[in-house]
Amino acid sequence: MLPRLALVLTGLLAALPARADGPLQTDYAISLIGLPVGRAHFETRLSPTRYSVSGTLSSAGLAELVSSTRGTSSVSGRVGPTRLFAERYRLEYTSDGKSWRSDVRYRGTRAVSAEVAPPAKSPAPSDFVPVKPAQLASVVDPLSGLMLKPGRDPASLCGRTAPFFDGWSRLDLVLSPGDGARDFKADGFSGKAIACNARIRPVSGYRTSSNGIKFLQGRTIQLWFAPIGDSGVYAPVYVRIPTQVGPLTLTATRFAKP
């Protein structure tokens, strides 16, 4: 659960719009209780009608001594007047010698197909909450689902709910106001970020006995959004996720043209 969540939220950080004249290169530092445990690199391309994001994540530092994690993720789709519409989202990762893969197709706001490996257990555990077709009618992908246009008031970013579907699970990320504007600096950006709080609300595709789900349901995630150039789009540049070991943080260290 945690490796996939880290990949998803790192992907959210990567969803920074680039101008049509070239890709945007982004790097991220991942820490657990202040110690480096991972790194990520993403490339984002955006034109007036199309967009794509692709990247990699790997464990590093002390984490390599305990558990090796490697992952890739990508999404492509079309640009609408007020939001992005994913068409295909893919995720592959390995952790502790085990591998997972997801390939989701979207049409408009609906997820129309999902292939995952390994396949779901049959029969499902008695405490498993299955995903229902009606719950996939209005969803976003984990990579570009938090590229937001707040309009005139940036603080309105913190009053939204992102209905994620990654092929396995349907969950809502419920945003609420945080600590207002925060100073943030990285290679390629220096300015104010809007701080939001977020809570995970599981919808389906999970086991009610999951200790990870139970823990996260009662915890607050911190998300900082920063404006990207003059695009009118805000995207996360910092995430802090509580874990049973300690806080897991993902921080954008660079987003710039090569």
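On a predicted model such as this, the values are computed, not experimentally measured, just so you know. Residue indices begin at 1 and follow the sequence shown.
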For the pair His41 and Arg254, evaluate side-chain contact (heavy atoms from CB on, under 4.5 Å) and give the outcome as yes or no after the intermediate values. CA-CA 9 Å; His41 174 79; Arg254 177 178 77 106; 3.9 Å; yes

Verdict with reasoning, Phe42 to Val53, per side-chain contact (heavy atoms from CB on, under 4.5 Å): CA-CA 7 Å; Phe42 281 80; Val53 184; 3.9 Å; yes

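Listed for the Thr49 side chain is no donor-acceptor partner under 3.5 Å among the backbone atoms of Arg78. Under a 3.5 Å cut-off, the side chain of Ser73 and the backbone N or O of Arg90 do form a donor-acceptor pair. Thr243 places a side-chain N or O within donor-acceptor distance of the main-chain N or O of Gly246, the cut-off being under 3.5 Å. With hydrogens and angles ignored, the 3.5 Å screen pairs a side-chain donor or acceptor of Ser169 with a backbone N or O of Gly205. Asp127 places a side-chain N or O within 3.5 Å of a backbone atom of Ser209 that can act as its donor or acceptor partner. Here the side chain of Asp166 pairs a donor or acceptor atom with the backbone of Trp168 at under 3.5 angstrom.
In this structure, the side chains of Ser204 and Lys132 stay at 4.5 Å or more apart for every pair of heavy atoms. With a 4.5 Å cut-off on side-chain heavy atoms, Leu223 and Leu157 do not count as touching. For the pair Ile221 and Ile200, the minimum side-chain heavy-atom distance is below 4.5 Å. At a threshold of 4.5 Å between non-hydrogen side-chain atoms, the residues Leu248 and Arg240 do not count as touching. Counting heavy atoms from C-beta outward, Leu136 and Arg170 have side chains that approach closer than 4.5 Å. Between Val140 and Phe164, the closest side-chain pair of non-hydrogen atoms falls below 4.5 Å. Between Thr220 and Arg199 there is a side-chain heavy-atom pair separated by less than 4.5 Å. Within the 4.5 Å cutoff, no side-chain heavy atoms of Thr72 are placed close to those of Arg70.
We find the CG-CZ distance between Asp141 and Arg88 to be 13.0 Å, quoted to the nearest 0.5 Å. Leu35 contributes atom CG, which lies 14.0 Å from atom CD1 of Ile30 (distance to the nearest 0.5 angstrom). Here the CZ atom belonging to Arg39 is positioned 9.0 Å from the OG1 atom belonging to Thr56, to the nearest 0.5 angstrom. Remark: Ser76 OG to Tyr51 OH distance equals 7.5 Å, nearest 0.5 Å. Between the CD atom in Glu43 and the OG atom in Ser52 there is a gap of 7.5 Å [rounded to 0.5 Å]. Remark: Asn197 CG to Arg219 CZ distance equals 14.5 Å, nearest 0.5 Å.
Minimum heavy-atom separation, Pro202 to Ile213: CG-CG2, 4.0 Å. When every heavy atom of Gly80 is checked against every heavy atom of Phe85, the shortest pair comes out as CA-CE1, 4.0 Å. Smallest separation of non-hydrogen atoms from Tyr89 and Leu143: CE1-CG, 4.0 Å. Residues Ser99 and Thr94 share a closest heavy-atom pair of OG-CG2, 2.9 Å. In terms of heavy atoms, Arg207 sits closest to Phe128 at CG-CD1, 4.0 Å. Of all heavy-atom pairs between Trp224 and Asp183, the closest is CZ3-O, 3.8 Å.
A chain of hydrophobic side-chain contacts below 4.5 Å, direct or via other Ile, Leu, Val, Met, Phe, Trp or Tyr residues, connects Phe165 to Trp100. Hydrophobic clustering of Ile, Leu, Val, Met, Phe, Trp and Tyr side chains at less than 4.5 Å, counting indirect connections, unites Leu250 with Ile33. Val139 and Val174 end up in different hydrophobic clusters when Ile, Leu, Val, Met, Phe, Trp and Tyr side chains are linked at under 4.5 Å. Phe215 and Val203 fall into different hydrophobic clusters, where Ile, Leu, Val, Met, Phe, Trp and Tyr are joined by side-chain heavy atoms under 4.5 Å apart, directly or via other members.
For the pair Arg182 and Phe184, the cation-pi criterion (under 6.0 Å, within 45° of the ring axis) is not fulfilled.
Shown here is Arg50, whose CZ atom has more than 12 heavy atoms of other residues, nucleotides or ligands within 6.0 Å. By the 6.0 Å contact criterion, CD on Glu115 is open, its count of non-hydrogen atoms from other residues, nucleotides or ligands being 12 or less.
A salt bridge is defined here as a Lys NZ or Arg NE, NH1 or NH2 lying under 4.0 Å from an Asp or Glu carboxylate O, and Lys185 with Asp187 fails to meet this definition.
Side-chain contact, Ser95 with Thr69: a donor N or O sits under 3.5 Å from an acceptor N or O.
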